[in-house]
Amino acid sequence: MNRDHDMLHILLAEDDEVMREYLTRALTRSGYRVTAVDRGTAALPLLETEVIDLLLTDIVMPEMDGIELAQRAAALVPDLRVMFITGFAAVTLKAGEAMPNARVLSKPFHLRDLVMEVDRLFHANSLDGAI
């Protein structure tokens, strides 16, 4: 099942409003459909009602951290791709242990790096199916 690039739906969970808008704008401009929420607890219901291709989540957030969100999301959507964004090196290790298949992008990063990583994530998975 190969879908067009612009049909790919990203769920972004980021508690920082400026960062959330910044990332949403960059990903939308790159042709992705983005639904953005300000906390993990707001993301979970969307995973149950919408087709989400990638969960892009900050790790350190109030109420529920990104790792717990990713683990719950993976239970709801087993083949969900996950990418963490964080400014904390120690948290990166914890994320890698909890979700070994997830990508981790450390802040600060350039928007083009984020878009490149997201593109690569979808491209790599579509190639897997072709081999």
Side-chain angles (χ1 to χ4, degrees):
M1 185 176 92
N2 196 1
R3 291 194 286 170
D4 289 345
H5 185 70
D6 64 353
M7 293 300 291
L8 293 168
H9 191 179
I10 297 172
L11 177 57
L12 169 65
E14 166 64 70
D15 61 320
D16 181 296
E17 187 181 354
V18 173
M19 179 65 105
R20 190 170 62 248
E21 288 176 7
Y22 189 60
L23 298 175
T24 299
R25 206 167 29 243
L27 290 164
T28 302
R29 225 183 345 241
S30 298
Y32 293 102
R33 203 173 128 222
V34 181
T35 300
V37 294
D38 64 354
R39 57 176 56 91
T41 48
L44 282 175
L46 294 172
L47 287 158
E48 294 176 10
T49 59
E50 298 200 32
V51 176
I52 304 292
D53 298 291
L54 169 67
L55 171 63
L56 178 59
T57 179
D58 191 4
I59 295 179
V60 180
M61 293 186 292
E63 293 179 22
M64 176 191 301
D65 71 19
I67 294 172
E68 185 184 344
L69 169 60
Q71 289 172 326
R72 290 191 185 195
L76 290 169
V77 187
D79 59 348
L80 182 69
R81 298 170 181 91
V82 176
M83 187 182 295
F84 293 115
I85 41 181
T86 184
F88 302 93
V91 177
T92 302
L93 293 172
K94 188 178 163 200
E97 289 167 9
M99 300 285 295
N101 294 332
R103 295 265 171 94
V104 181
L105 199 59
S106 297
K107 294 177 190 172
F109 52 80
H110 285 286
L111 285 178
R112 68 174 175 270
D113 294 335
L114 169 75
V115 171
M116 237 167 45
E117 280 296 317
V118 170
D119 287 346
R120 195 177 296 143
L121 200 69
F122 286 120
H123 187 64
N125 281 47
S126 64
L127 286 179
D128 289 349
I131 297 170

Query raised in the report: Excluding sequence neighbours, so at least two apart, what forms side chain to side chain contact (heavy atoms under 4.5 Å, CB included) with Glu68?
Result: Met64, Asp65, Arg72

Report summary line: All heavy atoms of Val82 vs all of Ala70, minimum pair found to be CG1-CB, 3.9 Å

Report task. To the nearest 0.5 Å, tell me how far Leu121 CG sits from His123 NE2. Result -> 12.0 Å

Query - For the student: nearest non-hydrogen atoms of Leu8 and Asp53, plus distance - result: CA-OD2, 3.3 Å

Requested in this report: Could you check Leu56 against Val34 for side-chain contact (heavy atoms from CB on, under 4.5 Å), going step by step and ending with a plain yes or no?
Outcome: CA-CA 10 Å; Leu56 178 59; Val34 181; over 6 Å; no

Requested in this report: Evaluate the side-chain proximity of Leu55 to Val77: yes if any heavy-atom separation is below 4.5 Å, no if none is.
Outcome: no

Report summary line: dist Leu54:CG -> Arg33:CZ (nearest 0.5 Å) comes out at 13.5 Å

Let me have the donor-acceptor pairs involving side chains of residues 84-101, under 3.5 Å, with sequence neighbours excluded, atom names and distances please.
unit_1, atom_1, unit_2, atom_2, d
Thr86, OG1, Phe88, N, 3.1
Thr92, OG1, Phe88, O, 3.2

Report summary line: Leu80 and Ala73 have their tightest heavy-atom pair at CD2-CB, 3.6 Å

Query raised in the report: What residue pairs, at least two apart or across chains, pass side chain to side chain donor-acceptor pair (under 3.5 Å) with a residue in residues 34-45?
Result: His9-Thr35, Arg39-Glu63, Thr41-Glu63

Could you list the donor-acceptor pairs under 3.5 angstrom formed between side-chain atoms of residues 10-21 and any protein atom two or more places apart in sequence or on another chain?
unit_1, atom_1, unit_2, atom_2, d
Glu14, OE2, Asp16, N, 2.9
Asp16, OD1, Val18, N, 3.1
Asp16, OD1, Met19, N, 2.8
Arg20, NH1, Glu14, O, 2.8

All N/O donor-acceptor pairs, side-chain side in residues 109-117, below 3.5 Å, sequence neighbours left out:
unit_1, atom_1, unit_2, atom_2, d
Glu117, OE1, Arg103, NH1, 3.2
Glu117, OE2, Arg120, NH1, 2.6

**Report entry** Straight-line distance of Ile59 CD1 to Thr57 OG1, nearest 0.5 Å
**Finding:** 7.5 Å

